[in-house]
Amino acid sequence: MLRVGVHTSISGGIDKSVDRAYELGCTAFQIFTRNPRGWRSTQLKPEEVALYRAKVERYGFLGYNVAHMPYLPNLSSPDEGIYSRSLDVLIDEVKRCGELGIPYLVIHLGSHMGKGFEKGLEKLVAAVETGVTRVRNRVMILLENMAGQRNNMGSLFEDLGRLYERVSHLGDRVGICFDTAHAFSAGYDLSTPEGVDKAFEEFDSLVGWGNVYVIHLNDSKHPVGSGRDHHEHIGLGYIGEEGFRAILSKPYIRSKPLILETPVDEVRGDVGNIATVWRLAGENPPKEIIERWVKYTEKDEVDRKIVEEWIS
Ligand code: ZN
Ligand code: MN
Ligand code: MN
């Protein structure tokens with residue numbers, strides 16, 4: 001069965017994110033364990049942790065629940081102050097994921113701020129090594145490919161491959177998260193079957209699909225190679241339906257947790273994007289999932305048409 005879902009909010013308590021994922025008909029989901037735009041976290045309450053864990057198990061999300069690092073840390077920063085605060089956040093997040101039983105923590109690779117890739121690489125490698133060795137649990141840190149923004153680390157597959165190679169001695173504590181929109185913005189044309197084949201073969205030789213544990217499935221608001229990171233609804237951006245059909249035809253993609261970080265607006269919501277992924281993957285969701293979509297779109301009508309295609 002396809003494991004596909006969205007990023008859900010923890011507002012009102014971390015366990016509420018699981019209810020939201022369930023109601024949206026997700027079969028995988030992602031959260032921030034704290035406010036993603038701040039540096040501080042408040043300690044997890046034992047009741048909250050217990051509830052989160054119980055709901056993850058009850059709703060069948062075990063092994064398919066993902067966390068994402070907050071946005072402010074820069075693990076490649078040349079500024080010692082920023083770097084050490086960033087490392088503190090990473091260590092804290094690895095701990096929090098361990099408490100919550102979240103198997104994967106996705107991290108951004110940061111910016112070398114103009115000091116060059118090699119300088120950034122030493123920082124980032126040291127950070128990941130510290131995060132793993134300082135916290136002895138089973139949480140896997142996943143390096144996410146970036147969108148080619150100026151000074152960002154790990155947008156090109158060869159750069160990501162070099163970074164991974166330097167931390168691969170940490171074994172099952174590190175892996176890769178592949179973001180389709182980021183790869184597209186970084187210059188890999190995923191909008192046609194030929195482009196997908198070419199890019200994915202290159203990825204396999206430089207990084208290896210066997211090292212990828214989570215897919216961020218996003219379309220892009222900007223053309224290929226834009227270096228800009230704005231996500232679009234699945235199939236409605238520059239990658240388009242043809243691109244996603246090709247992407248989702250690959251067994252090494254469709255067998256992994258597929259996390260959508262797509263907009264929610266008047267064009268489409270989360271249910272609409274999730275249902276579109278099932279359609280483009282050519283797989284029928286279980287009827288409980290369709291029932292949840294129906295129920296959800298009774299109160300939120302934006303995706304009702306997309307859901308109706310699955311009932312008729
Ligand atoms: Zn990310
Ligand atoms: Mn992403
Ligand atoms: Mn992004």
Side-chain angles (χ1 to χ4, degrees), residues 3-10 17 26 28-37 64-76 86 89-90 93-94 97 102 104-111 124 127-128 131 139-157 159-160 163-164 174-188 190 199 203 207 211-234 236-239 243-244 247 253 256-265 270 273-274 277:
R3 289 292 180 166
V4 52
V6 295
H7 188 109
T8 61
S9 160
I10 59 164
S17 67
C26 297
F29 74 108
Q30 176 177 280
I31 61 167
F32 294 117
T33 78
R34 64 169 87 191
N35 171 11
R37 291 174 215 288
Y64 304 99
N65 48 337
V66 180
H68 196 296
M69 267 281 275
Y71 291 127
L72 294 181
N74 178 3
L75 296 168
S76 299
S86 301
V89 175
L90 177 66
E93 281 298 308
V94 177
C97 288
I102 298 177
Y104 307 117
L105 171 64
V106 176
I107 68 166
H108 284 184
L109 307 179
S111 164
L124 183 64
V128 174
V139 177
M140 188 186 255
I141 297 175
L142 301 184
L143 317 183
E144 180 177 10
N145 64 310
M146 296 283 94
Q149 309 97 314
R150 206 168 112 90
N151 295 339
N152 261 32
M153 300 286 296
S155 301
L156 297 177
F157 297 165
D159 292 347
L160 187 65
L163 291 168
Y164 178 72
V174 292
I176 302 287
C177 168
F178 181 80
D179 187 308
T180 55
H182 292 179
F184 188 76
S185 295
Y188 303 94
L190 304 179
F203 185 90
V207 188
N211 301 315
V212 176
Y213 290 84
V214 169
I215 307 291
H216 279 174
L217 210 61
N218 301 304
D219 209 330
S220 176
K221 274 195 202 295
H222 304 289
V224 64
S226 71
R228 301 175 70 188
D229 183 17
H230 294 115
H231 302 179
E232 183 55 285
H233 299 296
I234 301 297
L236 301 183
Y238 280 88
I239 295 178
F244 279 103
I247 291 167
I253 298 281
K256 310 219 160 87
L258 309 170
I259 304 294
L260 312 179
E261 302 168 307
T262 38
V264 173
D265 56 29
D270 286 333
N273 280 311
I274 295 166
V277 171

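Because the structure is a prediction, the values reported are computed rather than measured. Atoms within each ligand, like the ligands themselves, are counted from 1 in listed order.
- His108 contributes atom NE2 as its closest N/O/S atom to the Zn ion (ligand 1).
- Counting just the N/O/S atoms of Glu144, the one with the shortest distance to the Mn ion (ligand 2) is named OE2.
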Please report the C-alpha distance between His222 and Phe184 in whole Å, then the side-chain angles of each, then the deciding distance to 0.1 Å, and finally whether the ring-ring contact (aromatic ring centres under 6.0 Å, His included) criterion is met.
CA-CA 9 Å; His222 304 289; Phe184 188 76; over 10 Å; no

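- Metal site remark for the Zn ion (ligand 1): His216 contributes no N, O or S atom at a distance under 2.8 Å.
- His216 pairs with exactly one of His7, His182, Gln30 by the side chain to side chain donor-acceptor pair (under 3.5 Å) rule, that one being Gln30.
- Within the 2.8 Å limit, His182 places no N, O or S atom next to the Zn ion (ligand 1).
- Between Asn74 and Gly110, the closest heavy-atom pair is OD1-CA, 3.2 Å.
- Residues meeting the ring-ring contact (aromatic ring centres under 6.0 Å, His included) test with Tyr238, sequence neighbours left out: none.
- Atom OE1 is the N/O/S atom of Glu144 found closest to the Zn ion (ligand 1).
- A side chain to side chain donor-acceptor pair (under 3.5 Å) with Asn218 is found for one member of Asp229, Asp179, Thr180, Asn273 and no other, namely Asp179.
- Sorted by chain and number, the protein atoms of type N, O or S within less than 2.8 Å of the Mn ion (ligand 3) are His182 NE2, Asp229 OD1, Asp229 OD2, His231 NE2.
- Residues Phe203 and Tyr188 place their aromatic rings such that the two centres sit no closer than 6.0 Å.
- Smallest separation of non-hydrogen atoms from His231 and Lys221: O-CE, 3.6 Å.
- A donor and an acceptor atom, one from each side chain of Asp265 and His233, are located under 3.5 Å apart.
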